[in-house]
Peer 1: 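The structure under discussion is supplied below as structure tokens; questions concerning it will follow.
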Number of protein chains: 2
Amino acid sequence: MTAAERRAEAKQAYDAYIAQCPSRKLLDALSDKWVSLVLTALANGPLRYSDLARTVAGVSQKMLTQTLRGLERDGLASRTVTASVPVRVDYRLTPLGTSLLPLMAAIKEWAESHIEDVELAREHYDAQRDGEQSGRNSG
Amino acid sequence: MTAAERRAEAKQAYDAYIAQCPSRKLLDALSDKWVSLVLTALANGPLRYSDLARTVAGVSQKMLTQTLRGLERDGLASRTVTASVPVRVDYRLTPLGTSLLPLMAAIKEWAESHIEDVELAREHYDAQRDGEQSGRNSG
DNA sequence: CCGTATCCCGGCGGATACTG
DNA sequence: CAGTATCCGCCGGGATACGG
């Protein structure tokens with residue numbers, strides 16, 4: 001059995017598992033680096049493609065388009081083309097996409113309340129590791 | 001300027017951006033494929049390494065360890081070694097990690113309420129695309 | 001202005017082998 | 001049992017060029 005076949009089988013198992021797990025599907029969707037950023041950018045109202053590119057600073061054209069296609073496919077955002085010259089394309093959240101905002105808010109709330117603890121934990125952990133390195137021979 | 005330098009600069013900009021954005025940090029943390037699964041697995045109580053490997057079916061040894069180290073570093077989980085033969089290692093959620101559970105529940109709730117809409121939207125979107133493909137010459 | 005197609009590199013993550 | 005080290009395939013995603 002080749003590595004590719006093994007991979008495919010494992011993928012099958014994983015897919016079969018998440019297939020029955022709504023939470024994982026959602027997390028998979030939100031996991032994409034840019035999804036949450038675009039979602040947040042659109043929270044205030046519709047935006048043109050170029051506006052999005054500016055608002056979500058750092059995103060490449062490819063990823064922005066790809067992300068938007070994904071959101072559109074998932075029914076979270078809608079795409080409106082105005083056939084002028086030059087062409088104009090607006091994106092806006094659908095009701096479904098909008099219904100996600102409270103959840104995003106909840107995430108934001110937890111983050112703002114607790115992310116500092118996480119930061120501190122990291123520093124502590126890293127310091128600990130460094131200490132062990134240099135103190136390895138002294139104990 | 002080389003491509004690598006451009007990349008580095010863009011990365012800088014992105015990092016600088018998320019550095020001041022708690023929500024993104026949290027999402028970055030939760031984004032890892034296995035984090036939420038491990039978190040969920042530990043929700044019911046402490047588990048041994050091997051138990052986790054079984055519970056989170058499909059995860060490789062490498063990724064499980066890597067995920068656990070990450071959770072430990074973030075102060076979301078703690079690691080307890082019992083020096084017996086064979087050695088025994090338990091992982092459990094910290095209070096901080098536990099505080100994440102309601103948020104996970106909220107995610108689960110949204111997912112269970114709306115993921116069906118997402119599925120339908122996808123089917124519709126895909127069907128639409130297919131239709132355009134085959135009907136391209138008929139209009 | 002708003003994309004799509006192509007190339008290509010870096011890194012994620014699985015498989016495997018080895019240690020304590 | 002619970003890892004660590006290493007190799008390597010795959011694909012995410014940036015850069016670039018081109019079409020409508």
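Letters go in sequence order (proteins before strands), and every chain restarts at 1.
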Peer 1: Taking everything shown except A:Glu119 itself, do over 12 heavy atoms lie less than 6.0 Å from its CD?
Peer 2: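 Count over threshold, so yes.
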Peer 1: Determine whether B:Leu100 and B:Leu26 make a side-chain contact, defined as any pair of heavy atoms from C-beta on separated by less than 4.5 Å.
Peer 2: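 B:Leu100 vs B:Leu26: side chains touch.
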Peer 1: Is there side-chain contact between B:Val56 and B:Trp34, with heavy atoms separated by less than 4.5 Å?
Peer 2: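 With C-beta onward as the side chain, the pair touches.
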Peer 1: Just N and O in the side chain of A:Arg48: are any of them under 4.0 Å from OP1 or OP2 of C:dC2?
Peer 2: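 A:Arg48 to C:dC2 OP1/OP2: side-chain N or O found under 4.0 Å.
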Peer 1: Got a list of protein N/O to nucleotides 18-20 of chain C N/O distances below 3.5 Å?
Peer 2:
none

Peer 1: Please report the interatomic distance NZ(B:Lys108) to CG(B:Leu103), rounded to the nearest 0.5 Å.
Peer 2: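 Result: 14.0 Å between the selected atoms.
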Peer 1: To the nearest angstrom, how far is B:Asp32 atom CG from C:dC12 atom C1'?
Peer 2: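 Between C1' of C:dC12 and CG of B:Asp32: 10 Å.
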Peer 1: On DNA chain D, nearest-nucleotide positions of B:Pro86 versus A:Val59: which is more 5'?
Peer 2: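 Its nucleotide being nearer the 5' end, the pick is B:Pro86.
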Peer 1: Measure the spacing between CD1 of B:Ile115 and CZ of A:Arg24 and express it to the nearest 0.5 Å.
Peer 2: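 Result: 11.0 Å between the selected atoms.
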Peer 1: Rounded at 0.5 Å granularity, tell me how far CG in B:Leu76 sits from CG in B:Leu68.
Peer 2: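 These two atoms lie 11.5 Å from each other.
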Peer 1: How about A:Arg92 and A:Thr80: does a side-chain donor come under 3.5 Å of a side-chain acceptor?
Peer 2: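 Absent: no donor and acceptor within the cut-off.
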Peer 1: In Å and rounded to the nearest 0.5 Å, what is the CZ to OH distance from B:Arg48 to B:Tyr91?
Peer 2: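 Interatomic distance, B:Arg48 CZ to B:Tyr91 OH, rounded to 0.5 Å: 11.5 Å.
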Peer 1: What residues from residues 66-79 of chain A pass a heavy-atom cutoff of under 4.0 Å to DNA chain C?
Peer 2: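 Heavy-atom cutoff 4.0 Å gives A:Arg69, A:Arg79.
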Peer 1: Quick one: does B:Leu71's side chain get under 4.5 Å of B:Leu93's, heavy atoms only?
Peer 2: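 Sidechains of B:Leu93 and B:Leu71: no contact.
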Peer 1: To the nearest Å, give me how far apart NZ (A:Lys33) and C1' (D:dG14) are.
Peer 2: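 Going from NZ in A:Lys33 over to C1' in D:dG14 covers 15 Å.
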Peer 1: What are the two closest heavy atoms between B:Ala41 and B:Thr55, and how far apart are they?
Peer 2: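 Residues B:Ala41 and B:Thr55, closest heavy atoms: CB-CG2, 3.8 Å.
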Peer 1: Has A:Ser84 got a side-chain N or O lying under 4.0 Å from the OP1 or OP2 atom of C:dC1?
Peer 2: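 Negative; the distance criterion is not met.
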Peer 1: Roughly, in whole Å, what's the span from CZ in B:Arg88 to C1' in D:dC1?
Peer 2: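 Distance check: B:Arg88 CZ to D:dC1 C1' gives 11 Å.
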Peer 1: For A:Tyr91 and C:dG3, is the shortest distance between a side-chain N/O and OP1 or OP2 below 4.0 Å?
Peer 2: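 Answer is yes, contact under 4.0 Å.
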Peer 1: Where the side chain of B:Ser84 meets the backbone of B:Pro86, is there a donor-acceptor pair that is under 3.5 Å apart?
Peer 2: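 Yes; judged by distance alone, with no hydrogens or angles, the pair exists.
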Peer 1: How far does the helix from C:dC1-D:dG20 to C:dG20-D:dC1 bend, going by the axes of its first and last five pairs, to the nearest 10°?
Peer 2: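 Rounded value for the end-axis angle: 40°.
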Peer 1: What integer distance in Å separates B:Lys62:NZ from D:dG9:C1'?
Peer 2: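 Atom NZ in B:Lys62 sits about 12 Å away from atom C1' in D:dG9.
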Peer 1: Figure out the CG/C1' separation between B:Asp90 and D:dG3, and round it to whole Å.
Peer 2: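 It is 15 Å, rounded to the nearest whole Å.
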Peer 1: Could you state the atom-to-atom distance from CZ of B:Arg54 to C1' of D:dA2 in whole Å?
Peer 2: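 Going from B:Arg54 (CZ) to D:dA2 (C1'), I get 13 Å.
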Peer 1: For D:dT4, take OP1 and OP2 only and decide whether either is under 4.0 Å from a side-chain N or O of B:Thr65.
Peer 2: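 False: B:Thr65 side-chain N/O out of range (4.0 Å or more) of D:dT4 OP1/OP2.
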Peer 1: Atom CH2 of A:Trp34 and atom P of D:dG14: how far apart are they, to the nearest Å?
Peer 2: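 Rounded to the whole Å, the gap is 6 Å.
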Peer 1: Please report the distance, rounded to the nearest Å, between CE in B:Met63 and P in C:dC12.
Peer 2: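 In whole Å, C:dC12 P and B:Met63 CE are 9 Å from each other.
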Peer 1: Going by atom types only, do A:Ser23 and B:Trp110 share a side-chain donor-acceptor pair under 3.5 Å?
Peer 2: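 No, because no side-chain N or O of A:Ser23 sits under 3.5 Å from a partner of the opposite role on B:Trp110.
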